[in-house]
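Comments concern the structure below.
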Amino acid sequence: MSKEFKIGQHPVLANIVIIALVAIIGLVILFLWLNIFTRHGEWETVPEVENMSFTNAIHTLHDKGFRTDIRDSVYKDEITPGFVVEQFPKAGSKVKPGRKVFLYINAVHPRELIIDADNSVAGEALKGYSLRQGLAKLEELGFRKVNVVKVPGDNDRIIRLLANGKTVAKMEKVPVTAMITVEVHDGQLNRVTDSLLEEEYLQYVTEVEEDGSEAPNAAPIEDEIIDIEPAFVQ
C-alpha cells in the first residue's frame, strides 16, 4: 500500500514551492505597479510653446500636466529676449503624461566676448594684425556684423577696431551682436609714391630733352656703386 504524500516530509521541495509562489506574487505586483506608474496606454500631446514668453510657456505646459526644465540660454536677434527659442520634445509629440519638457530661452542680454585676449601689453584690440587674420578671428568668435574701412597706408595692417563706433581695447568684452568696424591700411601708399616719383622723373626728362640737353643716364650711377661696393665690403 502506497504512502500518502505530505509536503511537510520534504522540506527542500516545500521551500522551492514557497519561493516560486513569492516570486509569482512579486511579479504580479510589479506588473500592476508599472502599469499604474507609467500610465500604460495613456499619452498626451505636447503643446507649442516656442516663440512664447517664458512665463506663458511654463503655465501652458503645467496646465497640461507637464514638468519643465530650462536647459540653456542662447541669443537670437529675431526673437524677443526672455522668449522660448526651442523646446524638446517638439510640439505635437505624443508622450507620457507628466513628461518633462526642456526649454531653451532667448537670453535677455547678448553674449559678450573678448576679441583680443593678449594681456601681455596694453593697447587696442587686433592692432597690427593683417586684415585676413583679423577677419578670421572675428568670424571664429561669432561676430557677423563686420564692416571694413580702408585708409591710405603702405601695408594691409589693422589700424583699430570699433564696436558700435567705440574703439575696442585688449581684454575688453564686446557683445557678439555689435557692429564691428575694422579700419585697415589699403597698402596703396607705396604705389602712389612710386607713381609720383616716376611722373616727376618723366617730367624732368622731358624738360631736359626740350632744352636740348643730354638726358640723364642711370648707367654711371650703377658703375659708381659697383666701384664702391668692394671697398665697403673690405
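Keep in mind it's a predicted model, so treat the numbers as computed, not measured.
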Got a sec: does the CZ of R111 have more than 12 other heavy atoms crowding it under 6.0 Å? no
Counting heavy atoms not belonging to K64, are there more than 12 under 6.0 Å from its NZ? no
How about [X] and [Y]: do any of their side-chain heavy atoms sit closer than 4.5 Å?
X    : Y    : value
E112 : V176 : no
K166 : E172 : yes
S93  : F88  : no
V148 : L135 : yes

Are [X] and [Y] grouped together when hydrophobic residues (ILVMFWY) are joined by side-chain heavy atoms under 4.5 angstrom apart?
X    : Y    : value
L61  : V95  : yes
V182 : L113 : yes
L103 : V85  : no
V146 : I114 : no
V49  : F83  : no

Grab the two heavy atoms, one from [X] and one from [Y], that are nearest each other, plus how far apart they are.
X    : Y    : result
V46  : Q87  : CG1-NE2, 3.4 Å
F143 : P175 : CE2-O, 3.3 Å
I180 : A163 : CD1-CB, 3.9 Å
I79  : N106 : O-ND2, 2.6 Å
K100 : P89  : O-CD, 4.0 Å
I158 : G134 : CD1-CA, 3.9 Å

Strictly by modelled atom types, are T60 and D63 linked by a side-chain donor-acceptor pair under 3.5 Å? no
Show your reasoning for whether side-chain contact (heavy atoms from CB on, under 4.5 Å) applies to V184 and K150. CA-CA 5 Å; V184 61; K150 293 188 176 183; 3.8 Å; yes
As an exercise, state the distance from [atom1] of [X] to [atom2] of [Y], rounded to the nearest 0.5 Å.
X    : Y    : atom1 : atom2 : answer
L161 : T167 : CG    : OG1   : 9.0 Å
K94  : W43  : NZ    : CH2   : 3.5 Å
E78  : N51  : CD    : CG    : 9.0 Å
L126 : Q133 : CG    : CD    : 9.5 Å
I70  : Y104 : CD1   : OH    : 10.5 Å
D116 : K170 : CG    : NZ    : 3.5 Å

Sidechain-backbone polar pair: [X] side chain, [Y] backbone, donor-acceptor under 3.5 Å:
X    : Y    : result
N147 : T181 : no
E140 : K137 : no
R157 : Y129 : no
S53  : N56  : yes

Can E124 and R160 be counted as an ion pair, charged N to O under 4.0 angstrom? no
Would E50 and K90 pass as an ion pair if we require N to O under 4.0 Å? yes
Taking the cut-offs as 6.0 angstrom to the six-membered ring centre and 45 degrees off its axis, would you call R71 and F102 a cation-pi pair? yes
So I159 and V151, side-chain contact (heavy atoms from CB on, under 4.5 Å) or not? Walk me through it. CA-CA 9 Å; I159 304 169; V151 299; 3.0 Å; yes
